[in-house]
There are 2 protein chains.
Amino acid sequence: MAGSSERSQRGGHTGISIEDVAAAAGVSTATVSRAVRGLPKVSPVTRQKILEVAASLGYVASSSASGLATGRTRTIGILAPFVSRWFFSKAIEGADRELYARNYNLSLYNLGGHGGNRVRLFDKTMVYKQIDALLVLCMALSHEELEHLHKIEIPLIVVGGHVEECSYIGIDDYAAASVAVQHLVDLGHRDIALVHGDNQTDLNFDVPRVRILAYHDVMRKAGLDPQPGWEQWGDFTLLSGQDAFRRIWNLPGRKPTAIFCASDEMAMGVIFEAARAGVNVPGELSVIGIDDHDFSEAMGLTTVAQRPDEQAELATKMLLDELDGHVGAVKSAVARHELILRATTAPPRA
Amino acid sequence: MAGSSERSQRGGHTGISIEDVAAAAGVSTATVSRAVRGLPKVSPVTRQKILEVAASLGYVASSSASGLATGRTRTIGILAPFVSRWFFSKAIEGADRELYARNYNLSLYNLGGHGGNRVRLFDKTMVYKQIDALLVLCMALSHEELEHLHKIEIPLIVVGGHVEECSYIGIDDYAAASVAVQHLVDLGHRDIALVHGDNQTDLNFDVPRVRILAYHDVMRKAGLDPQPGWEQWGDFTLLSGQDAFRRIWNLPGRKPTAIFCASDEMAMGVIFEAARAGVNVPGELSVIGIDDHDFSEAMGLTTVAQRPDEQAELATKMLLDELDGHVGAVKSAVARHELILRATTAPPRA
DNA sequence: TTGTAAGCGTTATCAT
DNA sequence: ATGATAACGCTTACAA
């Protein structure tokens, strides 16, 4: 019974079904199912025949149907506060590489405009019964959210920073920031300003705090005592870097000879604004960032590099391994960072 | 009849089902289905009761099951050659706004690393029975692909340029490029170079060609005759802009006094490289791009602005309207562009 | 190796 | 307004 030709009432929307293939190949649907999924216990000749028929009919299994039958969607979700920013778009590409290689789909949940009511994501649209695992980018999750996720029992991992209560992958922010500040100290700078990430919002959660801490520690160890007002916040964007520079430069008194920025984008903002103010980089002002943004090399920006794509790729691999039954595959890991010397840092003017 | 507690053989992975809710509320599954979907013909009191029970149980409908029953996945696919480039990430954010507002999911198909074998996307992973509609970003589809898509009968639209045989949304590339070149001509430039997009690859398909054509037309009408070698190709990236500048500047003979770049990123590459070569912008060299990239304002880059997010948002709206039964909702449209004068263009030196 | 048939959780038709 | 119930297309014991 039932070829796609003689299909009933609701939607003819479904195309070629497994029954059509079975009928055309003269076998049962069970055998077709086994054959197309490459399962064993199908004779070579039968499989061959079925594959041919399936191909000629253009058969593709309905993901809804197999999802319903197996309880798996073969889709993993990526939760991101933004997509059009360097870290996030790179991470998405990295995750996608692994997903593509292992034949999974990628469902993107962007908090961008609608960050406020992320509640909804956890209730309706999202997560629940739509994805097999969740990759969270640079966000802290609330207690409730984590609990909710935990209850659903889907593998979960956070990329881009430390977050309590669950596995995470990211660079050692303390070490990375320390390296950056120490580089400035080593060059002989004593008046070092800081443009850090906002730690009011949950974006990047711990990350800003840790980087600030590292700055303070390195400064203290070097016997340096930054001016109040030389610590400005930003939100990791170019624009906020520009603003921060202006606030620092408009301060009365002497100027810093170097600025450490918690992201390359902010560093670029500082550099553009410095240029506008006629401040020579690195002659009068050294600038260092963190990230190694796509534009950093072209701008000659000295930075501490990280690779969000690799981080997300690894995280995705762990998620998929866990789904493949490798219990314990998902675990925290520290990603590498590396100081890259370029043209925006130099010893302070004598 | 089954509560999630007494569930059989395969996976207990499924959580609370509609039956659980029905049982707890003392109604049939049919009524629960109507109630939770906000359908009419449910008495207020019944609905209220059901909603309460559903909420307390944390019930969420299985997308696989409803997908199977309705033939709709409530997911639209976005096909992009890259995600970590300005146009694409912005477009994704724009599409997401509309999708989120209308409670659809977003499935991302990135051709990034694996662009070569995009075949697979159309066969296996993708499209077929996984998504209700497809948004294509800046790519030409082959005849077979289009036919395939057409056969599946899912709404389809292309954003970011003209493509034959299907609806598309994008700026008028000819007009936009003309405005840019004309701006240089109006400033008095006669020696105008071009850094255009690659038209070998299918990325942006028609777009590069049309922009080149506009350049030629405007030049000819102005009675200008560009040097051979002043036309360099790029691939829309910063790096390729740098390379192009070097190739142009290394040419023997006189230098152009202005360069029109087919994208802001390439324009930035030209500017960075010009700075490195000690060429003053706009003193010795005017530079104009197309896009109005996030960084363009900070860099003072004169450009012809476009808004990929708005384009994708509109395209998505059309797709969803079509799915809502508004036949003919999907149709081609021209998006706006606007010349933005900033600091990288000026009259040529006397 | 292959077939039979019972689910999987919804939705939608048809009664009531 | 509500309830039975038959699909939806696939997977997977279990039987053959």
Side-chain angles (χ1 to χ4, degrees), chain A residues 1-23 25-50 54 57 59-74 128-130, chain B residues 1-4 6-23 25-50 54 57-74 128-130:
Chain A
M1 345 74 204
S4 63
S5 37
E6 32 170 318
R7 189 153 280 119
S8 64
Q9 12 179 5
R10 289 187 291 272
H13 37 244
T14 11
I16 311 298
S17 85
I18 198 172
E19 281 209 43
D20 299 309
V21 179
V27 296
S28 74
T29 62
T31 304
V32 174
S33 178
R34 293 177 193 116
V36 298
R37 285 184 299 155
L39 263 38
K41 308 201 162 199
V42 176
S43 82
V45 41
T46 310
R47 182 189 305 274
Q48 171 67 17
K49 165 93 179 171
I50 293 176
L57 257 41
Y59 169 73
V60 179
S62 150
S63 53
S64 295
S66 80
L68 181 55
T70 60
R72 303 271 208 161
T73 59
R74 271 200 101 73
Y128 213 40
K129 297 173 185 164
Q130 301 248 54
Chain B
M1 333 80 206
S4 60
E6 32 168 319
R7 188 150 282 118
S8 65
Q9 12 177 8
R10 289 186 293 271
H13 38 244
T14 13
I16 311 297
S17 84
I18 199 171
E19 280 208 44
D20 299 309
V21 178
V27 296
S28 72
T29 62
T31 305
V32 174
S33 179
R34 293 179 194 115
V36 298
R37 286 184 298 156
L39 263 38
K41 310 202 162 199
V42 177
S43 83
V45 41
T46 310
R47 182 189 305 273
Q48 172 67 16
K49 164 94 179 170
I50 293 176
L57 257 41
Y59 169 73
V60 179
S62 151
S63 55
S64 295
S66 83
L68 182 54
T70 59
R72 302 273 207 159
T73 59
R74 271 200 102 72
Y128 213 37
K129 298 174 186 163
Q130 302 247 53

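Side-chain atoms are counted along with the backbone in the values below, which use heavy atoms only and exclude waters and symmetry mates.
- If you take CD1 of B/Ile50 and P of D/dA1, they are 13 Å apart, rounded to a whole angstrom.
- To the nearest angstrom, C1' of C/dA5 lies 12 Å from CD of A/Glu19.
- Nucleotides of DNA chain D nearest to B/Ala65 and B/Pro40 differ in position, and the one nearer the 5' end is that of B/Pro40.
- Of the possible polar contacts, none joining the B/Thr46 side chain to the B/Val42 backbone as a donor-acceptor pair under 3.5 Å is found.
- For the pair A/Thr31 and C/dG3, the criterion of a side-chain N or O lying under 4.0 Å from OP1 or OP2 is met.
- Remark: of the listed residues A/Ser66, A/Ser33, A/Ser62, A/Ser33 is the sole one forming a side chain to side chain contact (heavy atoms under 4.5 Å, CB included) with A/Ile18.
- In terms of position on DNA chain C, the residue among A/Ala30 and B/Val36 whose nearest nucleotide sits closer to the 5' end is A/Ala30.
- Taking only side-chain atoms of A/Ser43, from C-beta outward, the nucleotide of C/dT1, D/dA1, C/dA12 with the closest atom is C/dT1.
- Put simply, CZ on B/Arg34 is 6 Å from C1' on D/dT2, counting in whole angstrom units.
- Taking atom CG of A/Leu68 as the reference point, atom P of C/dG7 lies 14 Å away to the nearest angstrom.
- Across the protein-nucleic acid pair, B/Arg72 atom CZ and D/dA7 atom P stand 22 Å apart, rounded to whole Å.
- The nearest whole Å value for the distance from the CG atom in A/Asp20 to the C1' atom in D/dG9 is 10 Å.
- Side-chain atoms of A/Thr73 come within 3.5 Å of backbone atoms of A/Gln130 as a donor-acceptor pair (strictly under, hydrogens ignored).
- Atoms CZ (B/Arg74) and P (C/dG9) sit 22 Å apart, rounded to a whole Å.
- For B/Ser33, a side-chain nitrogen or oxygen approaches OP1 or OP2 of C/dT11 to under 4.0 Å.
- Heavy atoms only, all atoms of each residue included: B/Tyr59 and B/Ile16 are closest at CD1-O, 3.5 Å.
- Looking at heavy-atom distances under 4.0 Å, A/Ser64 makes no contact with the nucleic acid at all.
- OP1 or OP2 of C/dC8 has not a single side-chain nitrogen or oxygen of B/Ser17 nearer than 4.0 Å.
- Using a 4.0 Å heavy-atom criterion, one finds that B/Ala61 contacts the sugar-phosphate atoms exclusively.
- Distances shorter than 4.0 Å separate none of the side-chain N or O atoms of B/Ser66 from OP1 or OP2 on C/dT10.
- C/dT13 atom P lies 12 Å from atom NZ of B/Lys41, rounded to whole Å.
- Residue B/Thr70 has no polar side-chain atom (N or O) positioned under 4.0 Å from OP1 or OP2 of D/dC8.
- At the phosphate of C/dT2, OP1 or OP2 sits under 4.0 Å from a side-chain N or O atom of A/Thr46.
- In this structure, A/Leu39 CG and A/Arg47 CZ are separated by 7.5 Å, a value rounded to the nearest 0.5 Å.
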